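As structure tokens, the structure follows; a few thoughts come after it.
Nothing fancy with the numbering, it's 1 onward along the sequence. Bear in mind that the values here come from a model prediction, so they are computed numbers and not experimental data.
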Amino acid sequence: MPLILPKTLPAYAELGKENVFVMHKRRAETQQIRPLRILALNLMPTKIATETQLARLLANSPLQVQLTLLHTASHEATHVPGGHMEAFYKTFDEVCGQRFDGMIITGAPVEQLPFEAVDYWPELCRILEFSKTNVFSTLHVCWGAQAALYHHFGIEKELLPQKMFGVFRHRVLRPANPLVRGFDEVFWAPHSRHTGVRRDQVDACGALRVLAESDEAGIYLMSTESGRQIFVTGHPEYEKLTLDAEYRRDAAKGLPIGPPKNYYPQDDPAREPLYRWRAHAFLLYTNWLNYYVYQNTPYDLRRLQGLEEG
């Protein structure tokens, strides 16, 4: 079964070019199947690129998935046409009375600010609280993971000596966990961040399980025991040239940035980068949808209210 998208969403046409099977809403409504309802809070400034990246990963599943895009009302997007936001995005007030099988909270380029200094922080806290009762499993990515760890468990972020930028080797720590089922013992994943998660606070938090980590990039994947809250510190959704674009953007601004590590052959930006994390990105999202959303979520989403983290 495919991902359900509006035919006018840019991701619909882009994924069609890649022969990724997506279905428009009108056709989906004729099928006697309840699709998985996934809510994606897109905090990235590059809204269209990010929604396409997420749609690509969610479409790589035999499950029928209906994606709802969410943005913060307390922060105005400046890198995307207003008509796009009005046509394809909801605000929290529009969805707060609904329930969803799964939710994705993306990263955001605000990691060097204290959490409370982010202009939409109060609204994000409301959304994080909403996810505990109205969403069965939430996948938090990069800064979204740091924000949720701080809000839910009081785990602080720490400023890194230099930007964690590149593609890094990771190892699986709990191979029996369904989220990493089918993973190689060692795999690659991209990171692009100025801050990290404090390992001592993660270890002291009895609610969290570290599933994968990197000697250089640190913790990569964490989950609560039940899988209702999952945290990814990197950017598995990134496309082949996303790090390249970030590098050239920052270099053009004169920022202190070196080439992404382990990305260009021989670290030479003149050479075409290696796309070595795609398979595990697809596998991570497929495992999440299958084992922590489809296999466990109640068919009747009204039963979600009052469920506690286990």
Side-chain angles (χ1 to χ4, degrees), residues 40-46 50 72 74-75 103-132 137-171 173 179 189-224 227-238 242-243 246-247 250 255-258 260-261 277 284 309:
L41 174 60
N42 189 355
L43 300 173
M44 294 290 281
T46 52
T50 300
T72 53
S74 48
H75 178 82
M103 183 175 183
I104 300 167
I105 299 178
T106 74
V110 294
E111 55 189 310
Q112 292 176 286
L113 293 174
F115 290 118
E116 291 83 359
V118 175
D119 57 2
Y120 53 80
W121 180 250
E123 183 179 5
L124 179 58
C125 290
R126 290 177 60 209
I127 294 171
L128 289 169
E129 285 300 303
F130 162 87
S131 73
K132 291 162 60 176
S137 181
T138 302
L139 183 67
H140 312 79
V141 180
C142 200
W143 183 83
Q146 294 180 5
L149 289 168
Y150 177 71
H151 176 78
H152 292 310
F153 304 111
I155 294 176
E156 301 279 357
K157 64 181 178 180
E158 60 179 352
L159 186 65
L160 301 176
Q162 61 184 20
K163 186 176 183 178
M164 188 66 64
F165 191 45
V167 186
F168 301 94
R169 287 167 57 97
H170 299 74
R171 61 184 181 277
L173 300 183
L179 202 60
H191 291 258
S192 178
R193 50 186 169 81
H194 293 276
T195 55
V197 176
R198 291 184 51 177
R199 180 59 188 260
D200 61 329
Q201 293 192 15
V202 172
D203 290 340
C205 179
L208 296 172
R209 308 288 180 268
V210 179
L211 307 181
E213 69 177 357
S214 165
D215 289 339
E216 190 170 0
I219 299 174
Y220 173 68
L221 185 60
M222 290 166 282
S223 172
T224 55
R228 292 199 61 205
Q229 293 177 333
I230 294 166
F231 309 89
V232 185
T233 65
H235 280 288
E237 78 282 0
Y238 270 10
T242 305
L243 289 174
E246 290 187 2
Y247 166 63
D250 289 353
L255 299 176
I257 188 71
K261 293 184 178 181
W277 64 92
L284 173 63
E309 175 62 52

Could you tell me if the side chain of [Y] sits less than 4.5 Å from the side chain of [X], heavy atoms only?
{"X": "L139", "Y": "V232", "result": "yes"}
{"X": "S214", "Y": "Y220", "result": "no"}
{"X": "L221", "Y": "V210", "result": "no"}
{"X": "W143", "Y": "F115", "result": "yes"}
{"X": "I104", "Y": "L41", "result": "no"}

Ignoring hydrogens, what is the shortest heavy-atom contact between [X] and [Y]? Give both atom names and the distance.
{"X": "P236", "Y": "L284", "value": "CG-CD2, 4.1 Å"}
{"X": "L128", "Y": "A147", "value": "CD1-O, 4.3 Å"}
{"X": "P45", "Y": "P109", "value": "CD-CD, 3.5 Å"}
{"X": "C205", "Y": "I155", "value": "CB-CD1, 4.3 Å"}
{"X": "C142", "Y": "H235", "value": "SG-NE2, 3.3 Å"}
{"X": "A148", "Y": "H140", "value": "CB-CD2, 3.3 Å"}

Nearest 0.5 Å, please: how far is CD1 in I219 from CZ in R198?
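So the gap between those two atoms works out to 12.0 Å.
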[X]: which residues meet the side chain to side chain donor-acceptor pair (under 3.5 Å) condition with it, sequence neighbours left out?
{"X": "E213", "result": "R171, R199"}
{"X": "E246", "result": "S192, Y238"}
{"X": "E116", "result": "Y150"}
{"X": "H191", "result": "H170, R193"}

Hey, does the side chain of T106 reach the backbone of L43 with a donor-acceptor pair shorter than 3.5 angstrom?
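Answer holds: yes.
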Donor-acceptor contact present, side-chain S137 to main-chain G227, <3.5 Å
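Side chain of S137 to backbone of G227: a pair is present.
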Apply side chain to side chain contact (heavy atoms under 4.5 Å, CB included) to S223 and list each qualifying residue two or more places apart in sequence or on a separate chain.
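Listed in chain order: L211, I230.
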Using the salt bridge (charged side-chain N to carboxylate O under 4.0 Å, His left out) rule, collect all pairs that involve residues 144-169, keeping only residues at least two apart or in two chains.
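For residues 144-169: K163-D250.
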Could you go through the side-chain contact (heavy atoms from CB on, under 4.5 Å) check for L208 and L149 one step at a time?
CA-CA 10 Å; L208 296 172; L149 289 168; 3.7 Å; yes
Just by distance, with hydrogens left out, do [X] and [Y] show a side-chain donor and acceptor under 3.5 Å apart?
{"X": "Q229", "Y": "T224", "answer": "no"}
{"X": "T195", "Y": "Q146", "answer": "yes"}
{"X": "H151", "Y": "E129", "answer": "yes"}

Going by the rule salt bridge (charged side-chain N to carboxylate O under 4.0 Å, His left out), which residues pair with [X] if we only count those two or more places apart in sequence or in a different chain?
{"X": "E111", "result": "none"}
{"X": "D119", "result": "none"}
{"X": "E216", "result": "K261"}

Among all residues two or more places apart in sequence or in another chain, which pass the ring-ring contact (aromatic ring centres under 6.0 Å, His included) test with [X]?
{"X": "F153", "answer": "none"}
{"X": "Y247", "answer": "none"}
{"X": "H194", "answer": "none"}

Evaluate V141 against F231 for side-chain contact (heavy atoms from CB on, under 4.5 Å), listing each step before the verdict.
CA-CA 6 Å; V141 180; F231 309 89; over 6 Å; no
Yes or no on side-chain contact (heavy atoms from CB on, under 4.5 Å) for V118 and H75, after CA distance, side-chain angles and deciding distance?
CA-CA 9 Å; V118 175; H75 178 82; over 6 Å; no
Would you sort out whether R228 and T138 count as a side-chain contact (heavy atoms from CB on, under 4.5 Å), showing the intermediate values?
CA-CA 6 Å; R228 292 199 61 205; T138 302; over 6 Å; no
